[in-house]
Amino acid sequence: MMINLPEMKTITKKIIIIILFSSFAWFTYGQPDANGILHQIDENLSSENRIFESSMTIHGRRASRTITSRSYVEGDKKSFTEYLSPPREQGTKMLKLENQLWIYSPSTDRTIQISGHMLRQSVMGSDLSYEDMMDDRKLTETYNAVVSGSEEFDGRTTWILELTARVDDVAYATRKLWVDKERFVPLKEELFAKSGQLLKRSVLSDVVQIEGRWFPKTIVYKDMLKQGDGTEFKVTDIKFNQDIPDYIFTKASLKM
Amino acid sequence: MKTAFKLAYRNLIGAGLRTWLNVIVLSFSFVVIIWLKGILMGWDYQAKSDMTNWEIGGGQYWHESYDPYDPFTLAESHSIIPQQFSDEIEQGDMVPVLMVQGTIYPQGRMQSITIKGIDPDQDLFLLPTHQLDTATDAVPAIIGAAMAESLQLDRSDHVTLRWRDARGTFDATDIVITDIFSSNVPSVEAAQVYIPLAILREMTMMQGEATLLTFRDPEAERPAVQGWVHKPKEVLTASVDRMIKTKTAGQSVFYTILLLLAMLAIFDTQVLSIFRRQKEIGTYIALGYTRREVVGLFTVEGAMHSIFAAVVGALYGLPFLAWQAEVGWTIPMDAGDFGMAMAQTLYPVYSAGLVISTVLIVVVITTVVSYWPSRKIAKMNPTEALRGRIQ
Amino acid sequence: MIRFLLKGLFHDRSRSRLPIIVVAIGVMLAVFMNAYITGFMGDTIEMNARFTHGHLKVMTRAYAENEGQVPNDLALTEVSALKEELSGRFPELDWAARIQFGGLVDVPDEFGETRSQGPAAGMGIDLLSPDSREAGRLNIQKSIVRGRIVQNAGEALLAEQFSRKLGVDPGDEVTLIGSTMHGSMSMYNFRVAGTVSFGVEALDRGTIIVDIEDARNALDMYDAAGELIGLFETGFYDDERALEIARAFNTPFEEDKDEYAPVMKTLTQQGSMGQLVKMLDVWGIYIIAIFIVAMALVLWNAGLLGGLRRYGEFGVRLAMGEEKNHLYRTLIYESIFIGIAGAFIGTAIGLFFAALVQKYGINISGLMEGSAMMYPSAIRTRITTTDYYIGFIPGLFATIIGTMLAGIGIYRRKTSQLFKELEA
């Protein structure tokens, strides 16, 4: 392959710049590898399985509502949620296996698979869509990550990670993560469109240590294009590495 | 027969005011019927030509999964344009439109819309697509007046548009409203944004694809194309036909009453003529006319009212109808209520068929009504009649 | 003299019978025509009122602003109290709450799994309260294609075309997947009671009609409703009164900044209905004017004919020495009697027919393929107070004017020729 001279020159320049800057950064911050950080986050947050109770507060235009639920999660492919309150939602169950999602409503005694356009509906009126919950691929599988800097956020020093999609079927082309340098807990995340437009932002707080892990108990999730105060998700009780019987993750358990 | 007409003519002219009153009433029927029917025909014509100019052209090919009443189908209803249409598209006689679901956020509110990609250089539709050819900081877009009003958007306003590409990845950008058009066709305005086809294809990674193909020529043979459904013009305008049918039914009661009234006058006149002109009738018979011929004579006389009426009607009706066709009939109807094309101003359309059939119908009815009382003549005793004895 | 004239009219049937019949027929046609035009013209307006706008409609301000999007999260709450208040304050209207909603209709197979599914536009209306008139208002009974109207809670009507697409028959159960007032996903089962035809493609493709209480349960809209519509008990829109009522209702809220405060809008304040009402009024007047002129001409002619009919009689009377002026006057008096009698009889018969057509309508469904909700199967007249006097204008005046003009001939008669005429 022929490469003409001016082109060769620019390429050389670029390489020099990259080398210069990266070494500069390395020496200044002792910056770790971004994938390493993501891995650390995984270590910290994921577990074989967990059972937790949570409350979700949705700030609507007119009023706020709180919905509580109990969830069983195994790995990152299986989850089962049962809504506990308010009375209207009580008994509604949701099962997620791989990339399939079913909802059971006790009043109709029907189990409906949520697919296609229905995935884009909001979960219980929140700023979260079913689809947002569904994507369970590891960030390291779908995104190339680089550390782009460091910043003080909410009184903690954080790494800023920039994630760029490396597969073409993800919902968000790029993401930005603010990760606590000591605890390896993300404190803020922003989701961007292909054009670079900010679409959604979540802010994580109430980081506590549970069973030796650092865990953010509160997440405020907001659709940035829409007006409103977003959705607040609070974990009220969480237990890791529990015995969850297999039948929980079957469609039959929805009707129980 | 010629004498019959001559006689009838003289008699009618001789009757003066009485004849003219009848004639004027009858001529009203002519003009009003032609005018009202003309408005309906004008409506039909206008609705269809508005649809042609804004929405359906000479007919369309729909992607087989496209369903205008189910926005969820849009995700699947797009594919590469069949090779056989490339010439027609090249010549500008077929316009491809790509449709994608999107969301816009005017003032932080959220509204689902359809993004339509269309060639800025097309001239098949009246859409001001040339306004999409402007270089701006954002994607140029045109929207309908109805939507501009409901979303409170104005020309040169920026608004965020969000969509997903073919693989489902979110994308968002600002669009700038470069023009707002008003079309009388709600279905091309409601909840949709037009942007350049090339940009939409790039945005969604749907190169060479389309959802709808609209062609100019309604006459040409249209072959079946795999994956696409041919929708001829008649099918796409069927809703208009139905609307017109209802209105026609409503109007015909009105014509009937107007005609009944005119016929009441003719009937009354005929009854009187026969009553007063017994001597004349007797004379005719004495002169060797058969009774049937005399009946014919009177019938022709009555029927001639309608001929006069046609002439008188033409005298003032032609200028009136021509003026109406010129200025139209303005109605502030909210076409959106019916979901079909309807213009603010309707221009009546009169066809030769309409005029001829109206004249024929009125003449026939007048003849029948004139004949009815004349039958009495056939029962007259000629000698008594000749003596003027009332029978 | 009046008695004498009346006697003459009664005894000489040729003097009275035919002219009265002609006047009566003319007046009858005029009265019927007026009622018909009012009904026909008003029909478009009344249909809009019944289906969407009401004669008056109450919504929250926020809902009214985004009405096109059917934003149930902005719906009215505590509707029963509001409805009671409205019924108390404005009893001349019938108030009914309605909920419009969007969603999916999902049809299960024998295992409860989704067999077919389609997007639906829903309408929750009061179908089950014993005193509700909503079903009749929307012409539902006549639009039923299969099955029957909703009679029990939990039943729904589907657009016929929609039911075919989903493969659903009356008696089947379907699940409505919608979104509650608060944005949660909701599911609710309905048994399909029947299917209806609207005659408008957009509605035929995906409409579900349910009782409003079911809609409330399904959408978590307890005692809430998107809109409260009011329709005049008379069945017809009265703009002046409607504006008065809306003003009376809205005034106390003027200071209120709450975007969920109720706001009342008249039919003419919604969309372009105002212009439409005005236009139809004007055109109604034009058409009736044309018709009245035509009828006046006919009656005028009848007056002339009446004069001619009695040509001989006048000759005799003049020959006997009756004053021409006197003869002319008696002629006018007679025409007044004829006019009044004809107008009375005509108005009575015209009103009778108009009332019949108002009640039963002129069936035009034969022209359509079957009956449909959005297309009236019958055209109805509408009797207004105008109908009680409109016939007298042409009936009386045209007859008198006709007689007056015909009577002028009397003055042209020469006494010298009278005997010659009489001899003949």
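The sequence lines fix the lettering, A, B, ..., with proteins before strands; numbering per chain opens at 1. What you see below is based on every heavy atom in this structure, not just the backbone, and it leaves out hydrogens, waters and symmetry mates.
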Query raised in the report: OH of Tyr105(B): more than 12 outside heavy atoms within 6.0 angstrom?
Result: yes
Query raised in the report: Hey, what do you get for CG (Asp67(B)) to NZ (Lys165(C)), rounding to the nearest 0.5 Å?
Result: 5.5 Å
Requested in this report: Identify the heavy atoms of Leu297(C) and Phe28(B) that sit nearest to each other, and give their distance.
Outcome: CD1-CE2, 4.4 Å
**Report entry** Contact summary for Ala294(C) and Leu258(B), nearest pair of heavy atoms
**Finding:** CB-CD1, 4.5 Å
Query raised in the report: Is it the side chain or the backbone of Ile266(B) that comes within 4.5 Å of chain C heavy atoms, both, or neither?
Result: neither
Report task. Please say which of Ile21(C), Val22(C), Val298(C), Ile25(C) ends up in a side-chain contact (heavy atoms from CB on, under 4.5 Å) with Asp268(B). Result -> Val22(C)
Query raised in the report: Which bit of Leu104(C) comes within less than 4.5 Å of chain B, counting heavy atoms only: side chain, backbone, both or neither?
Result: side chain
Report task. Could you tell me which portion of Thr269(B) (side chain, backbone, both or neither) has an atom closer than 4.5 angstrom to a non-hydrogen atom of chain C? Result -> both
Query raised in the report: Which distance, rounded to the nearest 0.5 Å, do you find between the CD1 of Ile257(B) and the CZ of Phe32(C)?
Result: 5.0 Å
Query raised in the report: Taking only residues two or more places apart in sequence or in another chain, which ones pass side-chain contact (heavy atoms from CB on, under 4.5 Å) with Ile37(C)?
Result: Phe254(B), Met33(C), Met41(C), Ile287(C), Ile288(C)
Query raised in the report: Just wondering, more than 12 heavy atoms not from Tyr286(C) lying within 6.0 Å of its OH?
Result: no
Query raised in the report: Is chain C contacted by the side chain of Gln111(B), its backbone, both, or neither, given a heavy-atom distance below 4.5 Å?
Result: side chain
Query raised in the report: Around Trp62(B), counting heavy atoms of other residues, nucleotides and ligands shown, do more than 12 lie under 6.0 Å from its CH2?
Result: yes
